[in-house]
Amino acid sequence: MSRAALLVLADGRFPAGGHAHSGGAEAAVKAGRIRTAADLAQFCRGRLHTVGLTSAALAAAAAAGLDPLALDEAADARTPSPALRATARKLGRQMMRAARATWPSAELEALAAARPRGAHQPIVLGLAARAAGLGPEDAGHCVAYEAVSASATAVVRLLSLDPFDATAVLARLAPDLDAVAHRAGVAAAEAVLGGVDALPAASAPLLDIMAEAHAAWPVRLFAS
């Protein structure tokens with residue numbers, strides 16, 4: 001297991017397209033739900049323990065060796081918003097390009113052939129982690145961190161929030177990030193025995209509603 005590989009995969013500069021997405025923060029800012037660092041912390045905590053947990057568990061399950069096509073179908077079932085499904089697959093295509101160049105593997109090639117329009121991003125990330133020699137909980141950590149870091153970075157740009165305050169929000173979420181990654185790893189182990197239905201299906205309906213509204217905006221700074 002390579003901790004260096006974990007750093008590469010979790011790095012925001014990994015060319016997987018995440019920098020163009022706000023994780024729902026742009027719509028939340030426009031709606032007045034995020035105005036301060038305290039608001040950002042609440043938003044990120046809620047996102048982390050709902051859709052973040054669901055995505056982290058899907059990635060952990062892919063890293064544990066579950067069928068990626070079954071996991072991709074499970075991801076569809078857990079993503080009711082058409083806009084978010086399209087975003088997840090677009091990010092999956094971009095992640096696939098980066099992962100195949102960085103950690104080539106037969107499993108990545110097979111998924112790319114089976115889902116030419118893109119698999120859900122957490123599934124691709126989980127396979128990339130597996131190809132890099134990382135474990136399920138490592139994949140869960142990557143997805144959990146991404147679930148909140150994208151929103152924090154976006155709010156710095158959207159509100160001119162002090163980047164030190166945004167970083168402090170992420171640092172204070174560290175215990176929650178560890179807990180979600182651990183829960184994702186446990187869920188993946190249960191899914192190995194009981195199938196994909198054992199994976200969590202936590203959701204955040206307001207994020208789904210805001211995503212559909214955001215997708216219809218004629219002008220926006222972030223893709224989602």
Side-chain angles (χ1 to χ4, degrees), residues 9-35 39-59 71-72 74-99 115-126 128 139 142-161 166 169-170 173 177 180 201-224:
L9 188 57
D11 192 336
R13 291 165 293 188
F14 190 72
H19 65 278
H21 297 264
S22 77
E26 185 170 21
V29 166
K30 184 174 182 179
R33 293 187 173 91
I34 301 178
R35 294 191 177 96
D39 295 337
L40 174 63
Q42 288 186 324
F43 178 87
C44 287
R45 184 171 287 107
R47 179 172 167 76
L48 175 62
H49 287 283
T50 54
V51 295
L53 171 62
T54 299
S55 296
L58 288 164
L71 291 172
D72 195 55
D76 254 353
R78 287 161 171 77
T79 313
S81 162
L84 290 181
R85 285 199 299 271
T87 294
R89 293 193 180 280
K90 180 178 180 180
L91 286 170
R93 287 196 303 272
Q94 292 170 299
M95 172 63 74
M96 180 65 79
R97 290 182 62 192
R115 293 287 189 270
R117 299 182 65 182
H120 279 256
Q121 190 260 10
I123 316 305
V124 182
L125 188 148
C142 287
V143 172
Y145 179 69
E146 183 182 55
V148 294
S149 61
S151 296
T153 300
V155 170
V156 169
R157 296 172 63 185
L158 291 162
L159 290 178
S160 296
L161 186 70
V169 166
L170 296 179
L173 281 173
L177 289 164
V180 166
S203 63
L206 188 56
L207 285 178
D208 295 327
I209 293 168
M210 290 194 300
E212 290 301 311
H214 183 270
W217 292 1
V219 178
R220 58 193 183 219
L221 183 60
F222 292 93
S224 70

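Side chains included, hydrogens not; waters and symmetry mates left out as well; all remaining heavy atoms used. Throughout, numbering of the chain's residues begins at 1 and tracks the sequence.
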Item to check | Set of residues satisfying side-chain contact (heavy atoms from CB on, under 4.5 Å) with respect to A144, sequence neighbours excluded | outcome: L48, L177, V180
Checklist outcome for this item: Here the pair of heavy atoms bringing L173 nearest to C44 is CD1-CB, 3.6 Å
Next on the checklist: Among residues at least two apart in sequence or on other chains, which ones pass side-chain hydrogen bond (donor to acceptor under 3.5 Å, both in side chains) with R117?
Outcome noted: none
Please tabulate, one pair per line, all N/O donor-acceptor pairs under 3.5 Å involving side-chain atoms of residues 149-159, not counting sequence neighbours.
{"residue": "S149", "atom": "OG", "partner": "Y145", "partner atom": "O", "Å": "3.0"}
{"residue": "S151", "atom": "OG", "partner": "S22", "partner atom": "O", "Å": "2.9"}
{"residue": "T153", "atom": "OG1", "partner": "S149", "partner atom": "O", "Å": "3.0"}

Checklist entry - If you look at every heavy atom in V143 and G52, which pair is closest and at what distance? => result CG1-O, 4.3 Å
Checklist entry - When rounded to the nearest 0.5 angstrom, what distance separates CZ in R85 from CG in D76? => result 5.5 Å
Item to check | Where H120 and A88 come nearest, the two heavy atoms and their spacing | outcome: ND1-CB, 3.3 Å
Checklist entry - Which residue pairs pass the side-chain hydrogen bond (donor to acceptor under 3.5 Å, both in side chains) test when at least one of the two sits in residues 40-54, sequence neighbours left out? => result H49-D176
Item to check | Separation between NE2 of H21 and NZ of K90, rounded to the nearest 0.5 Å | outcome: 5.5 Å
Checklist entry - Does any pair with a residue in residues 213-224 pass salt bridge (Lys or Arg N to Asp or Glu O under 4.0 Å), and if so which ones, sequence neighbours excluded? => result none
Next on the checklist: So, using side-chain contact (heavy atoms from CB on, under 4.5 Å) as the criterion, who are the partners of D11 when residues are at least two apart?
Outcome noted: R13
Checklist entry - For the atom pair CG (L53) and OG (S203), what is the distance rounded to the nearest 0.5 Å? => result 11.0 Å
Item to check | Smallest separation among heavy atoms of L58 and P122, with atom names | outcome: CB-CB, 4.3 Å
Next on the checklist: According to side-chain contact (heavy atoms from CB on, under 4.5 Å), who are the partners of Q121, at least two apart in sequence or on a separate chain?
Outcome noted: L91, M95, L125, E146
Checklist outcome for this item: In short, A128 meets L9 closest at the heavy-atom pair CB-CD1, 4.4 Å
Output side-chain donor-acceptor pairs under 3.5 Å for residues 204-216, partner residues at least two apart or in another chain, one line each.
{"residue": "E212", "atom": "OE2", "partner": "S81", "partner atom": "OG", "Å": "2.5"}
{"residue": "E212", "atom": "OE2", "partner": "A83", "partner atom": "N", "Å": "2.8"}
{"residue": "H214", "atom": "NE2", "partner": "E26", "partner atom": "OE1", "Å": "2.8"}

Next on the checklist: Among residues at least two apart in sequence or on other chains, which ones pass salt bridge (Lys or Arg N to Asp or Glu O under 4.0 Å) with R93?
Outcome noted: none
Checklist entry - When rounded to the nearest 0.5 angstrom, what is the spacing between CG in L84 and CZ in R89? => result 12.5 Å
Checklist outcome for this item: Those residues at least two apart in sequence (or on a different chain) that pass ring pair (Phe, Tyr, Trp, His ring centres under 6.0 Å) with F14 are W103
